[in-house]
Amino acid sequence: MLSEKLKGYVEKIRFRNEVNGYTVFDLSCTDESDDMTCVGNLPFVNEGEHVEVTGTYVEHRTYGLQFSVSSLEVIRIDDNMSIERYLASGAIKGIGAVMAKRIVDKFGEDTFRIMEEEPERLAEVKGISINTAARIYEQYNEKREMREAVIFLQKYGISNQLAVKIYNEYKEEVYSVIKTNPYRLADDIRGVGFKIADGIGKRVGISPDSEFRKKSAVSYILSQAVSYGHIYFPENELIKNVSELLASDCTDIADILSQMAFAGEIICKEEDGEKRYYSNYMYYMELNSARMLADLDCGFAVSDKELDSHIKRIEKNREITLADMQKKAISEAMKNGVLIITGGPGTGKTTTIDAIINAFETWGLDFLLAAPTGRAAKRMSEATGYEAQTIHRLLEMSGALDDGRENVMFERNESCPLETDAVIIDEMSMVDMPLFYALLKAMVVGTRLIMVGDVNQLPSVGPGSVLKDIIDSGCFNVVRLNEVFRQARDSDIVMNAHRINAGSSISLDNKSRDFFFLKRDNPQVIINVILQLIIKNLPDYVGAGMLDIQVLSPTRKGELGVENLNVMLQKYINPPSERKAEIEYRENVFREGDKVMQIKNNYQLEWERRGYHGVVVEQGAGIFNGDSGIIRFVNTVAQEITVEFEDNKYVIYPYALLEELELAYAITIHKSQGSEYPAVILPLLSGTSLLFNRNLLYTAVTRAKKCVTIVGLPETVAKMINNEREQKRYTTLKKRICEMLV
């Protein structure tokens, strides 16, 4: 579609999203063209300005023909009427229609020159003091400088929205930064990675052999390592990845690494026969976590006789018989500052937590309960009868540092620690290194930390293998619950999960009441079966709605990957309708009624909890990777959608943040961590051994409460059970702990 140009003045701004700058305005064309509604990310355009816009005509299904602006240039105006119209528009605070006329009557066509070069002369106008003149100059100059900077940045392929972020970071220095070292953008501005900075660098003419470029590539690869769950990269792997990124044979990358390490820009440790490179913040986060954890592990004097007596009272009052390892867990929780309790489904982790809580109450100890996700915290509350909250809420999250590293600020920290005798964390396998570090900073020596989780689950989505590394260090008390209780033995979900974890075969003969297998060998047939299960068979069987039934896939790509599955499932579960508004974003369609998931942590995204009749009862900030909800409202004018998450938590997503959402009729098994669903459907046909492994199958099966249905080939299930291969994570928390305590 060919671009076209329109000239005119901005008569009225109809709408502006202050978050992303998306603007709808009426353009009064100066040629013979009809007046036109223009839309685009234009946070700097003001009413009354004369502009030339470049873009294309688009047909909005509700509002008709519009002009989508790709670039905008403000045209210098010099006639009295146009100058007065601009000043009277309200573009500059303190100048209304009356004052605009006075200024133009005084200075005429010389008005803008006066405002730029001799702003003090504005005080010659009746009603303008010297202080007001200074404020008018600051506003006028700020708007002019921003426009000029945005136009300058557009030359290098930078969008208006990103250009405004860059300008706000550097102000008048933006020109020297872009021309001399655009790679600074990757370090300084959230949302700008190496690839964007490198694209700018190429347009500016930065040499491919530039040291700036190579150092930026190293920093980018180390940040990417974190996004893949690693704490560090071995030297050989780091050099390989940097060379591939730079698309050159960089024989001097090892020298660059040495320079950066010597300058303190990154950390290098020679351990176990290799050089390991860390970003500074990840290295010290892991090191300090090991130190703080070691400090917490102090002993408490508790009478064994009293403990035994208390455990017997629990068994009598609740008419239960605790297993020996459950009794040991209660004893260790009372005697030690740090305790890990691990076990699979049906082994009594919840009962053990409940008994420990009872013991704490008997001894007059305060305690706090938390879990990594809202769903996990809700389950913990329901199981124990005590309030549990997310770890973020426990630590009183207050905002995020806009440094590109997802660093979040908490009110509870070393200066304002948690006021309690004990903290119990459930679903500990989901806790990543940054969140664990924040938790430890908020705890003081003398506070017990009890971590409960299934170490055989997939590791956290974020960096690190915290639970596994702590257990493997052998430096702390670990209680392994390995007895499956009688009630749980009635569930084939539970028993098959344990068989999978042990590497044993499972029965696929469909004689079970909660574990089914449907043999199919064609992807399209499998999709049709999934639709049949969701729409017709499973809702009544498990007593749940269609949106409560979760499809889990090992992969994102391919016919049975979540991307294709979501398109197909949306088509039949929530088809287009004149009664449902929708919005297109890139290759996705978001429609009212769609099931969606947040796919990255956003600590600054505001939410409000609504009670009866939509009354706001609580407000806060922070939506996290893996949170799922339903689209309740699509505003096509404002280009934003409203999503209802669990517990009546409503979030408004502007157009620019839709990249943080994706359809969630099907999600990856990794994304399902910490969640439970009434029914789970697993399409398992074929895939890489790196993904189709025992650990992944075990995690998927244990997500179901009432029913698991596998659709695919029995040999694929068998291969996954026999495949112990897991994706390696480069972490050294175990080593740091051992350095502290051994």
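What you are looking at is a predicted structure, and each value in this text was computed from that prediction instead of being measured.
- Within a 6.0 Å sphere centred on OH of Y175, other residues, nucleotides and ligands contribute more than 12 heavy atoms.
- Ring pair Y232/Y277: centre-to-centre distance not below 6.0 Å.
- Legend: residues meeting salt bridge (charged side-chain N to carboxylate O under 4.0 Å, His left out) with E116, ordered by chain and number and at least two apart, are R76.
- Side chains of M720 and L684 form a contact here, defined as non-hydrogen atoms less than 4.5 Å apart.
- For CD of E584, the number of neighbouring non-hydrogen atoms (other residues, nucleotides, ligands) closer than 6.0 Å is 12 at most.
- For E73, there are no salt bridge (charged side-chain N to carboxylate O under 4.0 Å, His left out) partners two or more places apart in sequence or in a different chain.
- Every residue was checked against the side chain to side chain contact (heavy atoms under 4.5 Å, CB included) condition with N236, not counting sequence neighbours, and none meets it.
- Remark: K214 does not engage E211 in a salt bridge, criterion side-chain N to carboxylate O under 4.0 Å.
- Here the side chains of I623 and Y653 are in contact, with some heavy-atom distance below 4.5 Å.
- One distance of note links CG of L394 with CZ of R412; it measures 8.5 Å at 0.5 Å rounding.
- The closest side-chain heavy-atom distance from I206 to K202 is not below 4.5 Å.
- Looking at E244 and K240, a side-chain N of the basic residue comes within less than 4.0 Å of a carboxylate O on the acidic one, giving a salt bridge.
- Distance check, rounded to the nearest 0.5 Å: OG of S279 to CG of L222 gives 6.0 Å.
- Applying the side-chain hydrogen bond (donor to acceptor under 3.5 Å, both in side chains) criterion to T731, with sequence neighbours excluded, gives D469.
- When every heavy atom of A254 is checked against every heavy atom of E235, the shortest pair comes out as CB-OE2, 4.3 Å.
- Among residues at least two apart or in separate chains, salt bridge (charged side-chain N to carboxylate O under 4.0 Å, His left out) pairs with a member in residues 275-293 are E271-R276, D272-R276, E274-R276, R291-D295.
- Using a 3.5 Å distance cut-off with no hydrogens or angles, the side chains of Y278 and T732 do pair a donor with an acceptor.
- Shown here are the side chain to side chain contact (heavy atoms under 4.5 Å, CB included) partners of K171, two or more places apart in sequence or in another chain: E142, Y167, N168.
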Side-chain donor-acceptor contacts of residues 690-698 below 3.5 Å, not counting sequence neighbours, with atom names and distances?
unit_1: N693; atom_1: OD1; unit_2: N695; atom_2: N; d: 3.3
unit_1: N693; atom_1: OD1; unit_2: L696; atom_2: N; d: 2.8
unit_1: N693; atom_1: ND2; unit_2: L690; atom_2: O; d: 3.1
unit_1: N693; atom_1: ND2; unit_2: R725; atom_2: O; d: 2.9
unit_1: R694; atom_1: NE; unit_2: I721; atom_2: O; d: 2.7
unit_1: R694; atom_1: NH2; unit_2: I721; atom_2: O; d: 3.1
unit_1: N695; atom_1: ND2; unit_2: N456; atom_2: O; d: 2.4
unit_1: Y698; atom_1: OH; unit_2: D454; atom_2: OD2; d: 2.4

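- Side-chain contact of E660 with N602: a donor-acceptor pair under 3.5 Å is present, judged by distance alone.
- Applying the side-chain hydrogen bond (donor to acceptor under 3.5 Å, both in side chains) test to Y730 and every residue at least two apart in sequence or in another chain returns E237.
- For the residue pair S473 and K734, no side-chain donor N or O sits within less than 3.5 Å of a side-chain acceptor on the partner.
- Take E659 and apply the salt bridge (charged side-chain N to carboxylate O under 4.0 Å, His left out) test, not counting sequence neighbours, and it matches R586.
- Applying the side chain to side chain contact (heavy atoms under 4.5 Å, CB included) rule to E640 yields the partners N17, N635, A638, I652; only residues at least two apart in sequence or on another chain are considered.
- Under the side chain to side chain contact (heavy atoms under 4.5 Å, CB included) criterion, K468 pairs with V455, S465, D472, not counting sequence neighbours.
- Annotation: salt bridge (charged side-chain N to carboxylate O under 4.0 Å, His left out) contacts of E265 (sequence neighbours excluded): K215.
- For the atom pair CG of L449 and CE of M292, the computed distance is 11.0 Å after rounding to the nearest 0.5 Å.
- More than 12 heavy-atom neighbours from other residues, nucleotides or ligands sit within 6.0 angstrom of OH on Y170.
- If you check the side chains of Y655 and N41, you find no donor sitting under 3.5 Å from an acceptor.
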